[in-house]
Undergrad: 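I have a structure I would like to understand better, so I am pasting it below and will then ask my questions one at a time.
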Amino acid sequence: MRDKKLQSIDISGFQNDLIHWYQNNKRDLPWRKDKDPYKIWVSEIMLQQTKVDTVIPYFYRFIEKFPTVQALAAADQQDVLKAWEGLGYYSRARNLQNAVKEVVASYDGNVPANPEDLGALKGVGPYTKGAILSIAFDQPEPAVDGNVMRVFSRLLLIEDDIAQQRTKKLFESYVREMIDESDPSSFNQAIMELGALICTPKSPACLLCPVQEHCQAFAEGRQEELPIKKKAKKQKTIPYVVLLIKNEETDTFIIEKRSDQGLLANLWQFPMVPIKEIGWEHLERWFYNEYGITLQLQEKKGKLKHVFSHIIWQLDIYTATTNISVMDDHRLKAVDMCELVNYPFPVSHQKMMTYIGANQISHNLGEAETKE
DNA sequence: AAAGCGTGGCG
DNA sequence: TCGCCAAGCTT
């Protein structure tokens, strides 16, 4: 029994209008040059919560450095993170490499072409699974991302909160009814392309839309109201003192590897003191207890506000000096300024490198804020 | 189910 | 400046 929402839709007419538009308007993107499942996979992981323009240069560099499943599986995780540096959501990179190792170990290096095995891989959720199956293997599986939910919420006038997990399942069932089984790759990509180019979140270009005549929201002039999405909570601000600690004798700076779990896992940073918990008066003492290093605070170099999706770092950046050169703790390293480029840093800490005269190591970095 | 997890661009 | 948003997954 077909859903009520679909009864008024001319499905094959919709498919034809959509896919015809896609064939004539699709962007020439690097992951559309061939159907290598590995490249499709890499692109889909990079594109999670990330704009196409941001991904393109990363994709080129990543594929050049790790051209095959085997190459990525054999790589050092730090090199993988370095290639991901600046893209964000770094667990994507760690999960991708874990998954690729599994593909080499269990599937002879061939990306599985069935939902069960593919979906069991680290970092491959419902969307990515459907995207790989449809785009690389021409299987009629839904690939429901934010674009698809936006397009379909307008097309079918669906008012469920798209932030809810169960809403995505609802959209998957609609896509299963609507998908073009003769070309699921084009169908899925066309919906996403439409969402990116025409059916945009704000001010959708309905007058240019190839499926305008099928759209129930447009018929009622309600396209701007959809989709419905619950607002995110505001982030909490956490103040830190960041220490750019120089050993004058060896001309090195102290960097620290972050925990292998949680925020920015396994990336490197300049040591940070959660100053609200510690208190200024206990800073040096706490630092010695924590790291075994005595330091002399020098001067404040500036401050940075760094906004994450869920928290905000308020960073006061200081230079400091130390005499301690021993570094048997492997989480800490004393490195020459030139060596900084070999370690993956979060963007916030890349910006601080300008304060110690290091060359900017990133391809995508602006000036740090130095104002008070 | 809801929170944790990055970054850059845009109005 | 600030809130929203982008081809989501994990726990």
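Chain naming here is simple, since letters A, B, ... match the order of the sequence lines and numbering starts at 1 in each. Model, not experiment: these values are computed from the prediction.
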Undergrad: Between E64(A) and R61(A), does any NZ, NE, NH1 or NH2 come within less than 4.0 Å of an OD or OE carboxylate oxygen?
TA: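 Judged by the 4.0 Å cut-off on N to carboxylate O distance, R61(A) and E64(A) do not form a salt bridge.
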Undergrad: Is the gap between the ring centers of W313(A) and F308(A) under 6.0 Å?
TA: yes
Undergrad: For the pair made of NZ in K229(A) and P in dG3(C), what is the distance, rounded to whole Å?
TA: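 Atom-to-atom, K229(A) to dG3(C), this comes out as 15 Å.
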Undergrad: Does Y288(A) have R285(A) sitting over its ring (NZ/CZ under 6.0 Å from centre, angle to axis within 45°)?
TA: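 Checked: cation-pi criterion not met.
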Undergrad: Under 4.0 Å between a Lys/Arg side-chain N and an Asp/Glu carboxylate O for K229(A) and D161(A)?
TA: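 No, no charged N to carboxylate O under 4.0 Å.
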Undergrad: Salt bridge or not for R222(A) and E224(A), using N-O below 4.0 Å?
TA: no
Undergrad: Could you pick out which residue, K230(A) or S91(A), lies toward the 5' side of DNA chain B when each is mapped onto its nearest nucleotide?
TA: K230(A)
Undergrad: Which whole-number value in Å describes the distance from H310(A) NE2 to dT7(B) C1'?
TA: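 For the pair H310(A) NE2 and dT7(B) C1', the rounded distance is 13 Å.
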Undergrad: By nearest nucleotide on DNA chain B, pick out whichever of G262(A) and Q165(A) is the more 5' one.
TA: Q165(A)
Undergrad: Under 4.0 Å between a Lys/Arg side-chain N and an Asp/Glu carboxylate O for E193(A) and R27(A)?
TA: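 Yes.
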Undergrad: If I take atom CE in residue M46(A) and atom P in nucleotide dG6(B), what distance separates them, rounded to the nearest angstrom?
TA: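 My rounded result for the distance is 15 Å.
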Undergrad: What are the residues of residues 144-152 of chain A, sorted by number, that bring a heavy atom to within less than 4.0 Å of DNA chain C?
TA: D145(A), G146(A), N147(A), R150(A)
Undergrad: Hey, are E225(A) and R154(A) close enough for a salt bridge, meaning a charged N less than 4.0 Å from a carboxylate O?
TA: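 Answer for the salt bridge query: no.
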Undergrad: For DNA chain C, which residues in residues 178-191 of chain A have a heavy atom at a distance below 4.0 Å?
TA: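 Listed by number, there are none.
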Undergrad: Using the closest heavy atom to pick a nucleotide of DNA chain C for each, name whichever of E44(A) or K122(A) lands nearer the 5' end.
TA: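 With E44(A) and K122(A) compared, the 5'-side residue is E44(A).
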Undergrad: Is the base of dG8(B) touched by the side chain of T50(A) through a donor-acceptor pair closer than 3.5 angstrom?
TA: no
Undergrad: If you check the P346(A) side chain, which of dG8(C), dA3(B), dT7(B) turns out closest?
TA: dT7(B)
Undergrad: Under 4.0 Å between a side-chain nitrogen and a carboxylate oxygen: does that hold for K33(A) and D28(A)?
TA: no
Undergrad: Under 3.5 Å, is there a donor-acceptor pair linking the side chains of W31(A) and E44(A)?
TA: no
Undergrad: Rounded to the nearest angstrom, tell me the gap between atom CD1 in I45(A) and atom C1' in dA6(C).
TA: 15 Å
